[in-house]
Colleague: 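The structure is given below, and queries will be raised subsequently.
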Amino acid sequence: MTASIENLKKVTLLLNVGGAPENSDLTGSPVAFAFIYGVASEGLCPFESALYEKSVGESLDFTVSAAEAQAFFGHLLLPLRQVLGLQIMPHNLVLQVEVTAVNDADNREIVQSLAKAGSGCGGSCGCGC
């Protein structure tokens with residue numbers, strides 16, 4: 001039986017930016033993005049909610065405006081921007097997401113993710129943290 005995404009699972013996604021003309025300079029090879037699902041103290045962000053119960057091989061497409069990005073990706077915005085190499089958010093981020101792995105997270109990974117999710121100002125200053 002294939003594991004599906006649920007709380008405290010280590011999720012690995014394959015991300016590909018594309019679709020919109022303003023993203024043409026961002027398109028390239030897909031990149032892997034791994035995180036522990038459901039660790040943010042404020043609850044699941046809409047991005048995580050959309051991934052709930054998805055299994056390996058399932059894909060989703062998202063179009064998120066720069067103005068909606070903080071609310072949509074929540075605590076995952078900064079690491080997502082880092083892995084995608086986005087210094088400046090495009091007006092609309094078109095993101096193709098494929099679930100490539102869903103595994104049990106070990107306790108150390110969970111604690112590290114909890115610490116990272118709790119850092120920063122929470123986005124109130126617009127810095128993206």
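From a predicted model like this one, the values you see are computed outputs, not experimental measurements.
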Colleague: Indicate yes or no: at least one non-hydrogen side-chain atom of L51 is less than 4.5 angstrom from one of F35.
Modeller: yes
Colleague: First locate atom OG1 of T12, then atom CZ of F33, and finally report the distance between them rounded to the nearest 0.5 Å.
Modeller: 10.0 Å
Colleague: Roughly how far apart are I5 CD1 and S49 OG, rounded to 0.5 Å?
Modeller: 11.5 Å
Colleague: List the atom of Q87, the atom of R81, and the distance in Å for their closest heavy-atom pair.
Modeller: O-NH2, 2.7 Å
Colleague: Give the C-alpha distance, both sets of side-chain angles, the deciding distance and a yes or no for side-chain contact (heavy atoms from CB on, under 4.5 Å) between E58 and E53.
Modeller: CA-CA 10 Å; E58 292 191 64; E53 293 188 338; over 6 Å; no
Colleague: Run through L76, L60, V64 and flag the one making a side chain to side chain contact (heavy atoms under 4.5 Å, CB included) with F47.
Modeller: L76
Colleague: Would L95 end up clustered with V31 when hydrophobic side chains under 4.5 Å apart are linked, directly or stepwise?
Modeller: yes
Colleague: Output, in order, the C-alpha distance, side-chain angles, deciding distance and verdict of side-chain contact (heavy atoms from CB on, under 4.5 Å) for F72 and L93.
Modeller: CA-CA 11 Å; F72 187 75; L93 177 63; over 6 Å; no
Colleague: Run the salt-bridge test on D104 and K9 with the 4.0 Å N-O cut-off and return the result as yes or no.
Modeller: yes
Colleague: Do V94 and D61 make a side-chain contact, defined as non-hydrogen atoms from C-beta onward lying under 4.5 Å apart?
Modeller: no
Colleague: Walk me through it: do Y37 and L44 pass the test side-chain contact (heavy atoms from CB on, under 4.5 Å)?
Modeller: CA-CA 8 Å; Y37 184 89; L44 296 177; 3.4 Å; yes
Colleague: Please report the closest heavy-atom contact between T100 and V56, naming both atoms and the distance.
Modeller: O-CG1, 3.6 Å
Colleague: If you look at every heavy atom in I36 and L8, which pair is closest and at what distance?
Modeller: CG2-CA, 3.9 Å
Colleague: Answer yes if L13 and V83 sit in the same cluster of Ile, Leu, Val, Met, Phe, Trp and Tyr residues linked by side chain heavy atoms under 4.5 Å apart, and no otherwise.
Modeller: yes
Colleague: Using every non-hydrogen atom in the two residues, find where E109 and D106 come nearest and quote the distance to one decimal.
Modeller: N-OD1, 2.8 Å
Colleague: Report the C-alpha distance between L86 and V17 in whole Å, list the side-chain angles of each, state the deciding distance to 0.1 Å, and finish with yes or no for side-chain contact (heavy atoms from CB on, under 4.5 Å).
Modeller: CA-CA 10 Å; L86 297 176; V17 176; 5.5 Å; no
Colleague: Over all heavy atoms of both residues, which pair between E98 and G57 is shortest? Give the atoms and the distance, please.
Modeller: OE2-CA, 4.2 Å
Colleague: Taking all non-hydrogen atoms of both residues, which atom of V102 and which atom of S4 are closest, and how far apart?
Modeller: CG1-O, 3.5 Å
Colleague: Could you tell me the separation between the CG atom of N107 and the CD atom of Q112, rounded to the nearest 0.5 Å?
Modeller: 11.5 Å
Colleague: Kindly compute the distance separating SG (C45) from NE2 (H75), expressed to the nearest 0.5 Å.
Modeller: 6.0 Å
